[in-house]
Amino acid sequence: MADKIPVDLHGAAQTMLTTLYLKALDAQFDQPVLGDQFAKEAVERIDFDWDALKAPGRWAPLVTVRTAQYDIWARQFLAANPEATVIHLGCGLDARVFRIDPGPGVTWYDVDQPPVIALREQIYPDRPGYHLMATSATDPSWLSEIPADRPVLLLAEGISMYLTEADGVALLQSVVDRFPAGELQIDFYNWFGIKTQKTHRLQRQSGATLHWAVNGPADILDKVTGIRLLAAANLFDAETFSRVSAGFRRSSRVARAVRPLRGMLQYHRYAFGPIS
Ligand SMILES: C[S@@+](CC[C@H](N)C(=O)[O-])C[C@H]1O[C@@H](n2cnc3c(N)ncnc32)[C@H](O)[C@@H]1O
């Protein structure tokens, strides 16, 4: 067997090891929410003490419900726009491009910080129409390198909270202003998630700091001009929550009943440009 690939990541970049690992654990369940074999294989190839994350499989739905929901929304966008550009921002080691396997009319950009992209290059193969961009999302220049001749899907999963509100809003607005039409599919933590970040062990372990809280679509619609809401869900009312085990459903009863906890993980979908 080939040598395992070493990793040395810190802060926000390290957080994607946890999301990858939880997807890999989900892939081993009898009834997975996401069933991502790419995540399982990636974890097997990386030289890392996964047990040290102390991320039990029962927590997997905190990630997989979201990822599966964005897979559904991304497929819907691509079914309606077979000639399109996808910008998968803060991709980490997520294998969405392989799970979705878009058609030849789609150009796909996986964008993340340089150390993450360097690791990604060692793990996943290339494919036609697929590009990696090693940059910070807040660098003002990377977006101008992506041709703006087609509808765009900006899919930003698990990254907004690491940005400041000013940077995040500016980024969304710059996508809306640059492309003729498209969608923004992006998730957020609410105020409670940001305020209690020190109490979340996985978050603390990574050393990353969370900044941007969004409490509902109004927060985005008020600040980003030219967009309209297509859908908004939280962990518990996402359509993919129907895939979680009875055990997870039971153990999350209290969180579901307490409003700030229920709304902590928010999944939003917006459109811009002419209505087709
Ligand atoms: C929690 S992980 C999510 C990874 C992946 N989207 C997933 O769901 O598995 C957060 C990702 O956002 C990336 N990230 C955070 N801040 C970033 C920035 N300013 N520019 C680019 N990527 C960033 C991190 O490097 C990391 O890969």
Nearest heavy-atom pair of [X] and [Y]: which atoms, and what distance?
X    : Y    : result
T15  : A208 : CG2-CB, 4.5 Å
L171 : S174 : O-OG, 2.8 Å
G226 : F272 : O-CB, 3.3 Å

Is there a donor-acceptor contact under 3.5 Å from the side chain of [X] to the main chain of [Y]?
X    : Y    : value
D26  : P32  : no
Q197 : I194 : yes
S245 : F248 : yes
T196 : T199 : no
Y189 : H211 : no
N215 : W191 : yes
W108 : V97  : no
R45  : I5   : no
R120 : D110 : no
D139 : T135 : no

| CE/M161 to CD/E165 distance, rounded to the nearest 0.5 angstrom? |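 Here the rounded value is 14.0 Å.
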
So do [Y] and [X] actually touch side chain to side chain, heavy atoms under 4.5 Å?
X    : Y    : answer
R269 : Q76  : yes
R75  : F77  : no
L153 : I87  : no
D47  : V7   : no
K54  : R201 : yes
W142 : I146 : yes
I117 : C91  : yes
T67  : D36  : no

Between [Y] and [X], is the closest basic N to carboxylate O distance under 4.0 Å?
X    : Y   : answer
R99  : D94 : yes
D187 : R66 : yes
K4   : E44 : no

| task | Determine whether the side chains of T107 and R150 contain a donor N or O and an acceptor N or O closer than 3.5 Å. | result |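 T107 vs R150: donor-acceptor pair found between side chains.
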
| message | Ring-plane angle category for W50 and Y21, please: parallel below 30°, perpendicular beyond 60°, tilted otherwise. | response |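 Geometry flag for Y21 against W50: parallel rings.
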
| request: Would you please classify the geometry between the F188 ring and the W212 ring as parallel, tilted or perpendicular, with 30° and 60° separating the classes? | output: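 Perpendicular.
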
| task | Sort out for me which residue in Q185, R96, Q69 forms a side-chain hydrogen bond (donor to acceptor under 3.5 Å, both in side chains) with E157. | result |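 Checked Q185, R96, Q69 against E157; only one passes side-chain hydrogen bond (donor to acceptor under 3.5 Å, both in side chains): R96.
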
| F179 with I220, same ILVMFWY side-chain cluster at under 4.5 Å |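 In one cluster: yes.
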
| Should we say atom CG of D30 is surrounded by more than 12 heavy atoms from elsewhere, each under 6.0 Å from it? |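 Count not over threshold, so no.
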
| query | L265 pairs by side chain to side chain contact (heavy atoms under 4.5 Å, CB included) with which of L235, N190, N234? | reply |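 The passing option is L235.
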
| field | From L89, T138, L210, residue fulfilling side chain to side chain contact (heavy atoms under 4.5 Å, CB included) relative to L163 | value |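 Of the listed options, the one satisfying the test is T138.
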
